[in-house]
Amino acid sequence: MRLLALTASACLCAALCATGAASAAAVPAGAPGTVPADLPAAGASAAAKVAYGFAWSDGKGVLRVTPAKATLVKEHGVLRYKLKAVAGAKEVRLDYTKSAYSRVTVACDLVETEGRVALDAKGLGRTRCTPADLAFTLQRGPAPFKVEYSGAKAVKVSEFLTDWGNPRSAFGTIKRVNDTTVSFKGIKLGYTHAIGFYRVTAKCSSGWLTGKPVNASRDGLGQKPCTAADFTKVLKAQKHPVLVKADYNPLSGELIEVWEVYGDA
């Protein structure tokens, strides 16, 4: 009986091992495909988490990112990720001051790729940079990253190439969140110094809809170009949401242009 039991156990072990080997062989390592946003990276600790998405600066040494579904593809011989918003995904706010940072550019201080990219086999940046370089990147606006994090701290931030999605245009109310963020129709959007802001008032520094609408178009939209600083200042003085027309990118979460609206337009 003992010999029979040992023989049966050995056969069961062999069958299980063979099944495991076949399963592993069926999934080629590094093949393009959908990347789950909540799985730890290879070699990461069990407590580590991963988020793919557009990150924004959210204060000194802090970034915020809303996890998206990421799919690795190859286009014209170059690896890149396609991002898709995930309904109900919650924003993550992380301290990146001690994180490792890698860029897709061939040097850390470049603004653009300038036609040359440094990518690893998974389509992630391989130019090693510093948290100060990450701050430099985020100062210019949102950037697509894979963020590996533990608790409230980013462990590794890796840049990748992606399509930025299609902007939308809509009327709705807007309310200030902070000096670089607003809520538009219930959507949290960030903005940079490059935002377009068009007013119906005589001056950029005027209160919202104050005075005669000397810069209103026939459809009631502002025509006077103003700056991001003007936009921040005028919203800061508003206690309630105000009506605007806005162009924005729902994928990257960027507010691109805003028009003050006069009358019933």
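Because only heavy atoms are used, hydrogens play no part in the values below, and waters and symmetry mates are left out as well, while side chains stay in.
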Practice task
Please examine the side chains of K98 and P131, heavy atoms only from C-beta on, and report whether any two atoms are closer than 4.5 Å.
Solution key: no
Handout entry: Parallel, tilted or perpendicular: ring planes of Y81 versus F160, cut at 30 and 60 degrees
Key = tilted
Problem - Side-chain touch V147/V155, heavy atoms, less than 4.5 angstrom - result: no
Handout entry: Whether over 12 other heavy atoms sit under 6.0 Å from R168 CZ
Key = no
Problem - Cluster link V62 to V177, ILVMFWY, side chain under 4.5 Å - result: no
Practice task
List the steps and the verdict of side-chain contact (heavy atoms from CB on, under 4.5 Å) for F197 and V234.
Solution key: CA-CA 11 Å; F197 179 39; V234 73; 3.8 Å; yes
Fill in the blank from the handout: The reported gap from CG in L235 to CG in D179 (rounded to nearest 0.5 angstrom) is 10.0 Å
Problem - Spacing of CZ belonging to R126 relative to OG1 belonging to T105, to within rounding of 0.5 Å - result: 11.0 Å
Completion exercise
Rounded to the nearest 0.5 Å, the OG atom of S206 sits from the NZ atom of K224 at a distance of 9.0 Å
Handout entry: For the student: nearest non-hydrogen atoms of L79 and A121, plus distance
Key = CD1-O, 3.4 Å
Practice task
Please check if Y52 and L119 belong to a single hydrophobic cluster, counting links between Ile, Leu, Val, Met, Phe, Trp and Tyr side chain heavy atoms closer than 4.5 Å.
Solution key: no
Exercise for the section: Answer yes if Y248 and V242 sit in the same cluster of Ile, Leu, Val, Met, Phe, Trp and Tyr residues linked by side chain heavy atoms under 4.5 Å apart, and no otherwise. Expected result: yes
Practice task
Give every residue pair that meets the disulfide (SG to SG under 2.5 Å) criterion with at least one member in residues 78-110, sequence neighbours excluded.
Solution key: C108-C129
Handout entry: Cluster overlap Y149 with L134, hydrophobic side-chain contacts below 4.5 Å
Key = yes
Problem - Carboxylate-amine/guanidinium proximity below 4.0 Å for K146 and E148 - result: yes
Exercise for the section: Can you run down the disulfide (SG to SG under 2.5 Å) pairs that involve residues 137-206, sequence neighbours left out, and say none if there aren't any? Expected result: C204-C226
Practice task
Using atom types as modelled and distance alone, determine if a side-chain donor or acceptor of T113 lies under 3.5 Å from a backbone N or O of V117.
Solution key: no
Practice task
State plainly whether one hydrophobic cluster holds both V65 and W56, where clusters connect Ile, Leu, Val, Met, Phe, Trp and Tyr through side-chain heavy atoms under 4.5 angstrom apart.
Solution key: no
Handout entry: Validation row: L83, L251 side chains within 4.5 angstrom (heavy atoms)
Key = yes
Handout entry: R64 side chain vs S57 backbone, donor-acceptor pair below 3.5 Å
Key = no
Handout entry: Beyond-backbone contact of V157 with S102, side-chain heavy atoms, under 4.5 angstrom
Key = no
Handout entry: Distance, nearest 0.5 Å, that separates CD1 of I174 from CD of E260
Key = 11.5 Å
Exercise for the section: Starting at CZ of F231, measure out to CG of L255 and round the result to the nearest 0.5 Å. Expected result: 5.5 Å
Handout entry: L209 versus V200, closest heavy-atom pair with distance
Key = CD2-CG2, 3.7 Å
Problem - Donor-acceptor contact below 3.5 Å, side chain S158 vs main chain L124 - result: no
Practice task
Inspect the surroundings of CD in E112 and state if more than 12 heavy atoms from other residues, nucleotides or ligands are less than 6.0 Å away.
Solution key: no
Handout entry: Spacing of Q223 atom CD and Y198 atom OH [to the nearest 0.5 Å]
Key = 11.0 Å
Handout entry: Qualifying residue, where the test is side-chain hydrogen bond (donor to acceptor under 3.5 Å, both in side chains) with Y191 and the options are T232, T180, T181
Key = T232
Problem - N215 side chain near T201 side chain, heavy-atom distance below 4.5 Å - result: no
Exercise for the section: Please determine which of D163, T162, T71 meets the side-chain hydrogen bond (donor to acceptor under 3.5 Å, both in side chains) test together with K82. Expected result: D163
Fill in the blank from the handout: Shortest non-hydrogen pair, T97 vs G61, comes out as CG2-CA, 3.7 Å
Handout entry: Sub-4.5 Å side-chain heavy-atom contact between V78 and L161
Key = yes
Handout entry: Stepwise side-chain contact (heavy atoms from CB on, under 4.5 Å) check, F171 with V244
Key = CA-CA 6 Å; F171 285 89; V244 300; over 6 Å; no
Practice task
Spell out, as yes or no, whether a donor-acceptor pair under 3.5 Å connects the side chain of K175 to the backbone of K239.
Solution key: yes
Exercise for the section: Check the pair L221, Y262 against side-chain contact (heavy atoms from CB on, under 4.5 Å), reporting the backbone distance first and the verdict last. Expected result: CA-CA 6 Å; L221 299 181; Y262 179 80; over 6 Å; no
Exercise for the section: Would you check if the side chain of N249 reaches a backbone N or O of W164 as a donor-acceptor pair within less than 3.5 Å? Expected result: yes
Handout entry: R103 NZ/CZ over Y101 ring centroid, <6.0 Å and within 45° of normal
Key = no
Practice task
Let me see the working for W208 and R199 under side-chain contact (heavy atoms from CB on, under 4.5 Å), right down to the final yes or no.
Solution key: CA-CA 9 Å; W208 197 266; R199 306 213 57 191; 4.2 Å; yes
Exercise for the section: Over all heavy atoms of both residues, which pair between V214 and A202 is shortest? Give the atoms and the distance, please. Expected result: CG2-CA, 3.5 Å
Exercise for the section: Quick one: closest heavy-atom pair of A246 and F184, and the distance? Expected result: CB-CZ, 3.8 Å
Problem - Side-chain heavy-atom pair E254, P142 within 4.5 angstrom cut-off - result: yes
Practice task
Please report the closest heavy-atom contact between S169 and K245, naming both atoms and the distance.
Solution key: OG-CE, 3.2 Å
Fill in the blank from the handout: In short, disulfide (SG to SG under 2.5 Å) pairs touching residues 70-107 with sequence neighbours left out are none
